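Here is the structure we will look at.
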Amino acid sequence: MTQSGTRAERTRMPFARDVVRELAITHGACIRPVQLRRTDLHTGQVEQVLVPCGHTLALVCPSCAERKKALRAAQCREGWHLDREPVITPDPPDDEQLMWVELRSDAQKRRDAARAAGRDTAEDDQLIGDLDEQITRSGVRGKVLPNQAARRHRSTRRRQDVPDLPRRKVTARTIGKTYTAPDGKTFRPSMFITLTCPSYGRVGPDGTPTGPDSYDYRQAARDALHFAALFDRFIQNLRRFLGYDVQYFAAVEPQRRLAPHIHIAIRGTLSRTELRQVLAATYHQVWWPPADQIRHDDAHLPVWHDASGRYLDPATGEFLPTWDEALDAIGGEEEPLHVARFGPRFDAQGVLAGSRDASKCIGYLVKYLTKHVADCHGAQTGAQHAHAERLADALRYEPCSPTCANWLRYGVTPKNPHPGLRPGRCPGKAHRREYLGYAGRRVLISRKWSGKTLADHRADRKAWLLATLGIPAADASRYIWQAVTPGDPDHMPPAQRLLHLVADRQRWHAALTQARARASGQPDTGHPATGRAA
Ligand SMILES: [Zn+2]
Ligand SMILES: [Zn+2]
């Protein structure tokens, strides 16, 4: 008999596939590995290689998310207290990058010819857009052809209530100042800063408003939508104020009240008074058409007019203003749609290289990176659910960008319009519940932080492992790689992949332990390391 015991006892027994999954997680193995076939061109030998999925969310793959988080922490540590300027030389373009740019040149030539002959360029423009995306994805910085859209002249006059900030010329230096103690010891402190949004109404310890009706959800929604732009402003002001190219490693997270805040590791220091000065002068103005008055609710939506490619007012049959017309209509005396600022409460501390404080701060910085914004403080109580619900409501009809379908609600044609747009149904990430209005990157790192990308840090780690295990680094040109698909005879079902990975990790872990023991001079008790380090 293979099954024994009562039915109740059997239902308590864990499923075999869950046990394998748990075991894989315990061993730090990816739970959704990709299977690749590797052929050695010298020997003709074919090997199956299981590559980690590399997802950043623990919800999807705990092991990969944890590994990414550890890499981010390493990246943060490496740049924070640099005492010499990082050397940044761009790599030469690789074959793939060259291929995409060649295709892009052909497309440009075809488009320009079509335009000169007065033909429609829509298809060519679409292709060019796709190719530009591929070029970016292949790891090329910047655009092949800079945007030629006419720059709009917006009011840049300073707001009356913002104090002027002293400005210095920004030098190329990226490292902070060195201080010398009376005993001759030198140190180079850095900063850990936390910036928050302003208040939208009083909240209790559980993060929910004490007066939900007076809590300013619209302001909260708009601040979240423009949080990334505000942070850019802050860094720009900080650099002008301090006079050097300040570098940062920052992480955006929600607070319990569901407003974003940002933890920032900064190379170099400034005083609290100086920081307060920079914050007081930092604001981001959103010069968009007014969006406070509903002109077309869901029962009276504007209608698409195919011949003109515009939307019409269903009652009068008149065209809605285009995006550019609506922008031009913003008069010189008008106020911006929104002015985003940081709240008056901030946190700032000096941190020394290698100190306990430094490790603690790095812990804060990467703590929530494996979670969706909305999952960092999941709603537990009825009040918390209601609060999240009201914020989601405020975000539903708030325009997230110039192309947002919600503009129709306020009587404006969105930028680049097309048929089928419906307010409240914009697919923009910012409207989705899990983003709480902030659709930007969770980790923001300046270009000269450590001078290394995450891929470089991963390569460092792999090189270290191979060296520790005594495995020579493989020559990349020696292999060809192919994806294995379910129809292939050598395809491994997911459960089988996990079993292989668990076995690999165990063998590999044992080898690493021995290598470490050997390195520290203890007797060698086992067999030499074999196998692959994936
Ligand atoms: Zn994974
Ligand atoms: Zn939108």
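Since the model is a prediction, treat every value here as computed from it, not as a measurement. All values below come from the heavy atoms of this structure, side chains included, with hydrogens, waters and symmetry mates left out. For ligands, and for the atoms within them, numbers begin at 1 and follow the listed sequence.
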- Message: Within less than 2.8 Å, report the number of protein N/O/S atoms around the Zn ion (ligand 1).
- Response: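 For the Zn ion (ligand 1), the figure is 4.
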
- Message: Inside 2.8 Å of the Zn ion (ligand 2) but strictly below it, how many protein N/O/S atoms are present?
- Response: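 Step by step: take the Zn ion (ligand 2), keep protein N, O, S below 2.8 Å, and you get 4.
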
- Query: Can R432 be said to sit on top of Y435's aromatic six-ring, NZ or CZ under 6.0 Å from centre and within 45° of the ring axis?
  - Reply: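 The answer is no; the distance or angle limit is not met.
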
- Task: Is it possible for you to check whether R38 lies under 6.0 Å from the centre of the six-membered ring of Y479, through NZ or CZ, and within 45° of that ring's axis?
- Result: yes

- Does atom NE2 of H300 have more than 12 heavy-atom neighbours from other groups under 6.0 Å away?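 Counting neighbours around NE2 of H300, 12 or fewer heavy atoms of other residues, nucleotides or ligands fall under 6.0 Å, so no.
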
- Listed by chain and number, what are the ring-ring contact (aromatic ring centres under 6.0 Å, His included) partners of H387, not counting sequence neighbours? Y215, Y217

- Establish, yes or no, whether a centroid distance under 6.0 Å links the rings of H305 and Y311. no

- Task: Compute the centroid of each ring, for Y410 and then for H296, and state whether the two points are separated by less than 6.0 Å.
- Result: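 Not under 6.0 Å, so no.
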
- Would Q380 and H385 satisfy side chain to side chain contact (heavy atoms under 4.5 Å, CB included), going step by step from the backbone distance to the final call? CA-CA 7 Å; Q380 310 283 333; H385 276 290; over 6 Å; no

- Item | Positive for ring-ring contact (aromatic ring centres under 6.0 Å, His included) with H226, one of F231, Y283, W288 |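 When F231, Y283, W288 are each tested with H226, the ring-ring contact (aromatic ring centres under 6.0 Å, His included) holds only for W288.
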
- Item | side-chain hydrogen bond (donor to acceptor under 3.5 Å, both in side chains) involving D125 - partner list, sequence neighbours excluded |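 So D125 forms a side-chain hydrogen bond (donor to acceptor under 3.5 Å, both in side chains) with R111, T121.
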
